Amino acid sequence: MGIGKDNVYAAGFSAGQAAARSCEGGPSRARRKQRFQVVPEASTEVMGERASNAGVVLFSAVIFLVAFCAVIGAFWVATAQVGVASLLSALVVALLVMSSVHIAQQWEKVVVLRFGKFNRVSGPGLFWTMPIIEQNTMRVDGRVRATSFGAEETLTADLVPLDVNAVLFWMVWDAKAACTEVGDFTRTVELAAQTALRDAIGRAGVAEVAIRREQLDRELKRILEEKVAPWGITILSVEVRDILLPKELQEVMSLEAQAEQRKKARIILMEAEQDICEMMDDMGDSYAKNDAALRLRAMHLLYESVRETGGTVVVPSSFSEGFGDVLGDGVKDAMKDK
């Protein structure tokens, strides 16, 4: 069923269903009727940014008046009088001239048919058509469009239902193909994007869909480009906005992520301890070969502990004997006196 911008189509019922429904109450019947109606989407243009048609209407009125006055003037020059026939003739000519003059906005392309067959694409700006013979079938907006679409409760490859919302940026580059190859290209692009999104989700696991958004965007763009290219439409980009997981799965994935982070932290700690152990092994070999270096290291550790804590260390007099090989005789005598 085709969907137009200015029409609302209602789904028909069989004779038996219509008779059964007629027996029900008025409010219930009205509600059921609304359920089977397809309402056209609202315009995506923002209030205040819509193009004004006042200039086009004024231009058409001026063309009408000029043509009308020109025909009346021609009758006056030819017959020196203006009658009913001249007024009717001037009115018909003015209407034909007005219907043959058209203006397309800068972003519009107008598909013109001649006797029902494609003739040309006109616009933007001023263009002319032959009255009665040619018709302006459709005005196509050539600006970039944004269409939001989504997939609700779509199963992934590991049978997890996901709700995914995305936005599609696209534009019409061939007005002829968009009007002659597909009925309602706006609705068709939206449905094609939704179908492609469901197929892409069904081929991947939940973790892949949640983590690799950019890969999903590229895959959707490639699929849609191949599908809509014959319709004269270009896909600029596809961006996944939100991925909603079931609440139970969110808790499980949160625990899994926490466990993974703890695992990484322990691995890093063990690697650090291994490096420290290797360094201490090398240091032990060095200190085993040189007792003086070991004593100096002990003095350095003692100094660092006092400096950081700001405390006082009481050293017994016999402690100085451990530094006999390092300190001089004068220093040792001074420490013994103290």
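Heavy-atom basis, side chains included; hydrogens, waters and symmetry copies ignored. For the single chain, residues carry numbers from 1 onward in sequence order. None of the values given here were measured: they were computed from a predicted structure.
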Original post:
With side chains defined as the heavy atoms from C-beta onward, is the minimum distance between Asp174 and Trp231 less than 4.5 Å?
Top reply: no

Subject >> Step-by-step side chain to side chain contact (heavy atoms under 4.5 Å, CB included) determination, Val140 to Trp173 >> reply: CA-CA 10 Å; Val140 179; Trp173 61 270; over 6 Å; no

Original post:
Would a distance-only check, ignoring hydrogens and angles, find a side-chain to backbone donor-acceptor pair under 3.5 Å from Asp163 to Glu153?
Top reply: yes

Original post:
Quick one: do Glu225 and Arg222 make a salt bridge, cutoff under 4.0 Å?
Top reply: no

**OP:** Treating Ile, Leu, Val, Met, Phe, Trp and Tyr as nodes and any side-chain heavy-atom pair under 4.5 angstrom as an edge, say whether Leu95 and Ile72 lie in one connected cluster.
**Re:** yes

**OP:** Consider only side-chain heavy atoms of I, L, V, M, F, W and Y, link residues closer than 4.5 Å, and tell whether Leu191 and Val240 are in one cluster.
**Re:** no

Original post:
Without hydrogens or angle criteria, can the side chains of Thr147 and Arg145 be said to hold a donor-acceptor pair below 3.5 Å?
Top reply: no

Original post:
Going by heavy atoms in the side chains, are Arg203 and Asp199 under 4.5 Å from each other?
Top reply: yes

**OP:** Please check if Met130 and Leu113 belong to a single hydrophobic cluster, counting links between Ile, Leu, Val, Met, Phe, Trp and Tyr side chain heavy atoms closer than 4.5 Å.
**Re:** no

**OP:** Give a yes or no on whether Val160 and Ile201 share a hydrophobic cluster (residues Ile, Leu, Val, Met, Phe, Trp, Tyr; joining criterion: side-chain heavy atoms under 4.5 Å apart).
**Re:** yes

Subject >> Evaluation steps, side chain to side chain contact (heavy atoms under 4.5 Å, CB included), between Thr195 and Arg198 >> reply: CA-CA 5 Å; Thr195 304; Arg198 288 182 176 272; 5.8 Å; no

Original post:
Side chains of Glu134 and Arg120: closer than 4.5 Å at any heavy-atom pair?
Top reply: yes

Original post:
So does Glu278 have more than 12 non-hydrogen atoms from other groups sitting under 6.0 Å from CD?
Top reply: yes

Subject >> Exercise: identify the closest heavy-atom pair between Phe68 and Ala94 >> reply: N-CB, 3.8 Å

Subject >> Audit row: Gln105, Arg139, side chain to side chain contact (heavy atoms under 4.5 Å, CB included) steps and yes/no >> reply: CA-CA 10 Å; Gln105 303 293 345; Arg139 292 175 178 260; 5.9 Å; no

Subject >> Nearest heavy-atom neighbours spanning Ala178 and Val172 >> reply: CB-CG1, 3.8 Å

Original post:
From Leu91 CG over to Leu87 CG, what is the distance, rounded to the nearest 0.5 angstrom?
Top reply: 8.5 Å

**OP:** Taking the side chain as every heavy atom from C-beta outward, state whether Val164 and Thr154 have any atom pair closer than 4.5 Å.
**Re:** no

**OP:** Of all the heavy-atom pairs spanning Ile223 and Ala196, show the shortest one and how long it is.
**Re:** CG2-CB, 4.0 Å

**OP:** Spell out, as yes or no, whether a donor-acceptor pair under 3.5 Å connects the side chain of Ser86 to the backbone of Val82.
**Re:** no

**OP:** Provide the closest heavy-atom pair for Arg213 versus Val209 in the form atom of the first, atom of the second, distance.
**Re:** CG-O, 4.2 Å

Original post:
Can you tell me how far the CG atom of Asn119 sits from the CD1 atom of Ile133, to the nearest 0.5 Å?
Top reply: 10.5 Å

Original post:
Does the Gln194 side chain pair with the main chain of Gly150, one donor and one acceptor, at a distance under 3.5 Å?
Top reply: yes

Subject >> Shortest non-hydrogen separation from Thr156 to Ala204 and the atoms involved >> reply: CB-O, 3.3 Å

Original post:
Less than 4.5 Å apart, any side-chain heavy atom of Glu214 and any of Arg218?
Top reply: yes

Original post:
CG of Leu220 to CG of Leu197: how many Å apart, nearest 0.5 Å?
Top reply: 5.5 Å

Original post:
Could you state the interatomic distance from CE (Met270) to CG (Asp275), rounded to the nearest 0.5 Å?
Top reply: 12.0 Å

Subject >> Interatomic distance, Arg266 atom CZ to Glu273 atom CD [nearest 0.5 angstrom] >> reply: 12.0 Å

Original post:
Are Val56 and Trp107 connected in a single hydrophobic cluster, I mean Ile/Leu/Val/Met/Phe/Trp/Tyr linked by side-chain heavy atoms less than 4.5 Å apart?
Top reply: no

**OP:** Would you indicate whether Leu88, at its atom CG, is surrounded by more than 12 heavy atoms from other residues, nucleotides or ligands within a distance under 6.0 Å?
**Re:** yes

Original post:
Taking side chain as C-beta onward, heavy atoms only, is Trp170 less than 4.5 Å from Thr186?
Top reply: yes

Original post:
Is the backbone N or O of Ser237 less than 3.5 Å from a side-chain atom of Asp217, with the two atoms forming a donor-acceptor pair by type?
Top reply: no

Original post:
Just by modelled atom types, is the Cys179 backbone N or O under 3.5 Å from a matching donor or acceptor in the Glu181 side chain?
Top reply: no

**OP:** On the 0 to 90° scale, with breaks at 30° and 60°, tag the Phe127-His102 ring pair as parallel, tilted or perpendicular.
**Re:** parallel

**OP:** Assess whether side chain to side chain contact (heavy atoms under 4.5 Å, CB included) is satisfied between Phe149 and Val189, documenting all intermediate values.
**Re:** CA-CA 10 Å; Phe149 62 98; Val189 168; over 6 Å; no

Original post:
Are Leu96 and Val92 close enough that some pair of their side-chain heavy atoms sits under 4.5 Å apart?
Top reply: yes

**OP:** Find the distance between CE (Met171) and CD1 (Ile233) and round it off to the nearest 0.5 Å.
**Re:** 11.0 Å

**OP:** Give the minimum heavy-atom separation between Ser122 and Val112, together with the two atoms involved.
**Re:** OG-CG2, 3.8 Å

Original post:
Under 4.5 Å between any side-chain heavy atoms of Phe185 and Val228, yes or no?
Top reply: no

